[in-house]
Amino acid sequence: MRGPADASSSGISIDEASPIGSQLANETKRRERLSQRALRKPSATRVFTVSNQKGGVGKTTTTVNIAAALAASGLNVLVIDIDPQGNASTALGIEHHADVESIYDVLINDLALADVVRPCPDVERLECAPATIHLAGAEIELVSLVAREQRLRRAIDNYAKERADQGLERLDYIFIDCPPSLGLLTVNAFCAATEVLIPIQCEYYALEGLSQLLNNIGMIQKHLNGDLRVSTILLTMYDGRTNLAAQVAAEVREHFPDQVLEAVVPRSVRISEAPSYQQTVMTYDPSSTGALSYLEAAAEIAER
């Protein structure tokens with residue numbers, strides 16, 4: 001997408017007072033602000049569970065795009081896909097057919113996380129532990145296992161030690177993409193993380209079910225992981241043309257003033273198209289509004 005300066009230099013005059021001109025001018029200013037921000041490494045690995053039991057809110061899209069944005073800024077990032085659908089694995093270009101060793105083998109068969117982690121082909125410093133269809137039965141298999149809620153946490157801790165022993169750089173961020181449910185897979189994610197990132201769709205049912213999610217997080221905090229906290233809420237699928245989107249955004253900000261990011265992810269064809277090419281929007285169309293929004297969200301998270 002051309003900025004206003006590019007358009008004028010090619011002989012095309014764009015009035016900044018027009019909707020397109022205003023948008024281009026706004027995006028140019030946002031990109032300039034981002035170019036002046038260097039993302040610093042966190043003092044310790046930050047582990048996020050990206051969760052919302054309501055489907056279709058942009059959970060996986062948020063996971064892979066924020067991870068890619070942070071990795072593109074020079075940070076070491078791991079995505080752990082524990083959703084049996086494997087959509088995060090698809091978006092990052094990682095094989096995840098039934099014959100691939102995956103996070104299922106880590107959780108059920110005690111395979112080392114290092115044995116399943118694969119580098120993302122499009123983004124340096126970004127790795128992924130893929131999910132396979134075998135995870136669909138993992139909820140039942142986990143029930144009878146010892147320390148069933150802590151298996152992912154132990155795998156992550158062992159992977160960190162293994163990286164240190166090999167002289168590899170420490171991971172800066174880990175993002176765990178959860179299924180849209182509150183079963184044992186999601187409980188494992190909550191026990192492994194210190195932060196929860198909740199994507200909320202800017203539509204009428206946005207807050208429906210959120211109270212149940214927060215209640216479950218409260219139970220995890222009380223009984224299994226006292227370090228867990230809801231640190232980040234991201235508004236997704238925002239349509240600035242509707243009053244409803246603005247009302248939902250205002251309501252969420254009123255309820256969670258400290259957690260909601262300033263960055264808002266708009267409805268975007270580019271964001272929706274990217275996974276079909278096994279890419280994030282960061283590599284599929286880095287000049288798009290969607291990519292810019294995720295870069296801003298990643299920068300905000302890094303500065304918190």
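Bear in mind the structure is a predicted one, so any value in this text is a computation, not a measurement. Counting from 1, the numbers follow the sequence of the chain as shown.
- Annotation for Val79 and Ala67: closest pair CG2-CB, 3.5 Å, computed over non-hydrogen atoms.
- Side-chain heavy atoms closer than 4.5 Å link hydrophobic residues (I, L, V, M, F, W, Y) into clusters, and following such links, possibly through other members, connects Leu70 to Ile271.
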Report the C-alpha distance between Ile301 and Tyr173 in whole Å, list the side-chain angles of each, state the deciding distance to 0.1 Å, and finish with yes or no for side chain to side chain contact (heavy atoms under 4.5 Å, CB included). CA-CA 11 Å; Ile301 288 171; Tyr173 289 89; 4.2 Å; yes
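- Follow the hydrophobic side-chain contacts under 4.5 Å out from Ile133 and you never reach Val116; the two are in separate clusters.
- Using a 4.5 Å cut-off on side-chain heavy atoms (C-beta onward), Gln201 and Lys54 make contact.
- The two atoms that bring Pro84 and Pro179 nearest to each other are CD-CB, 4.1 Å, heavy atoms only.
- In this structure, Arg151 contributes its side chain and Leu107 its backbone to a donor-acceptor pair below 3.5 Å.
- A side-chain N or O of Asn216 and one of Gln212 form a donor-acceptor pair less than 3.5 Å apart.
- Within the model, atoms CD1 of Ile66 and CG of Leu197 stand 5.5 Å from one another, a figure rounded to the nearest 0.5 Å.
- Among all heavy-atom pairs drawn from Asp285 and Ala291, the shortest one is O-CB, 3.6 Å.
- No chain of hydrophobic side-chain contacts below 4.5 Å, direct or via other Ile, Leu, Val, Met, Phe, Trp or Tyr residues, connects Met219 to Leu228.
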Verdict with supporting geometry, Asn225 and Glu149, side chain to side chain contact (heavy atoms under 4.5 Å, CB included): CA-CA 10 Å; Asn225 182 5; Glu149 299 96 350; over 6 Å; no
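- Annotation: salt bridge (charged side-chain N to carboxylate O under 4.0 Å, His left out) contacts of Arg125 (sequence neighbours excluded): Glu169.
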Stepwise side chain to side chain contact (heavy atoms under 4.5 Å, CB included) test for Lys59 and Asp83: CA-CA 11 Å; Lys59 180 171 51 61; Asp83 186 344; 4.2 Å; yes
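- With rounding to the nearest 0.5 angstrom, the CG atom of Leu135 is 11.5 Å from the NE2 atom of His96.
- With contacts defined as side-chain heavy-atom distances shorter than 4.5 Å, the pair Cys178/Val50 does not qualify.
- Put simply, the side chain of Val187 reaches to within 4.5 Å of the side chain of Leu224, judged on heavy atoms.
- Between Arg170 and Arg163 there is no side-chain heavy-atom pair separated by less than 4.5 Å.
- In this structure, the side chain of Asn188 engages the main chain of Leu184 through a donor-acceptor pair within 3.5 Å.
- In this structure, the separation between CG on Leu171 and CD1 on Ile156 is 9.5 Å, given to the nearest 0.5 Å.
- For Glu162, the CD atom sits in a packed shell: over 12 heavy atoms of surrounding residues, nucleotides or ligands are nearer than 6.0 Å.
- No side-chain heavy atom of Thr62 sits under 4.5 Å from any side-chain heavy atom of Phe175.
- With Arg229 contributing its side chain and Glu195 its backbone, the two residues share no donor-acceptor pair below 3.5 Å.
- Listed for the Gln259 side chain is no donor-acceptor partner under 3.5 Å among the backbone atoms of Thr232.
- With hydrogens and angles ignored, the 3.5 Å screen pairs a side-chain donor or acceptor of Asn65 with a backbone N or O of Val281.
- Side chains of Thr61 and Tyr294 form a contact here, defined as non-hydrogen atoms less than 4.5 Å apart.
- Thr186 contributes a side-chain N or O that, together with a main-chain N or O of Ser181, makes up a donor-acceptor pair within less than 3.5 Å.
- Ser293 has its side chain out of reach of Val264: every pair of non-hydrogen atoms, C-beta onward, lies at least 4.5 Å apart.
- By the neighbour-count criterion of 12 heavy atoms within 6.0 Å, atom NE2 of His255 is sparsely surrounded, having that number or fewer from other residues, nucleotides or ligands.
- The minimum heavy-atom distance between Ala71 and Val77, with the atom names listed, is N-CG2, 3.8 Å.
- Linking ILVMFWY side-chain heavy atoms closer than 4.5 Å, directly or via other members, places Leu152 and Leu142 in a single hydrophobic cluster.
- Enclosure of atom CZ in Arg154 is not indicated, since only 12 or fewer non-hydrogen atoms of other residues, nucleotides or ligands lie within 6.0 angstrom.
- Ion pairing between a basic and an acidic side chain is recognised when a charged N comes within 4.0 Å of a carboxylate O; Asp172 and Arg46 show no such pairing.
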Please lay out, stage by stage, how Cys202 and Thr236 fare under the test side chain to side chain contact (heavy atoms under 4.5 Å, CB included). CA-CA 6 Å; Cys202 291; Thr236 63; over 6 Å; no
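- By the 4.0 Å N-to-carboxylate-O rule, Asp239 lies too far from Arg267 to be salt-bridged with it.
- Here the closest heavy-atom approach between residue Ala274 and residue Thr280 is recorded as CB-C, 3.7 Å.
- At distances below 3.5 Å, at least one donor-acceptor pair connects side-chain atoms of Ser268 with backbone N or O atoms of Arg270.
- No donor-acceptor pair closer than 3.5 Å links the side chain of Asp227 to the backbone N or O of Thr194.
- Hydrophobic clustering, with ILVMFWY side chains joined whenever heavy atoms are under 4.5 angstrom apart, groups Leu213 together with Ile200.
- In this structure, the side chain of Glu300 engages the main chain of Glu262 through a donor-acceptor pair within 3.5 Å.
- Taken to the nearest 0.5 Å, the CG atom of Asp165 stands 10.5 Å off from the CG atom of Asn158.
- For Glu303, the CD atom is densely surrounded, since the number of other residues' heavy atoms within 6.0 Å is greater than 12.
- Side-chain contact between Ile174 and Ile80: present, with at least one pair of heavy atoms (C-beta onward) separated by less than 4.5 Å.
- Taking CZ of Arg304 as the start and CG of Leu261 as the end, the distance is 4.5 Å to the nearest 0.5 Å.
- With values rounded to the nearest 0.5 angstrom, Ile103 atom CD1 is found 9.0 Å from Cys128 atom SG.
- Smallest separation of non-hydrogen atoms from Pro130 and Ser102: O-CB, 3.2 Å.
- Using a distance-only test at 3.5 Å, with no hydrogens or angles considered, no donor-acceptor pair links the side chain of Asn109 to the main chain of Tyr104.
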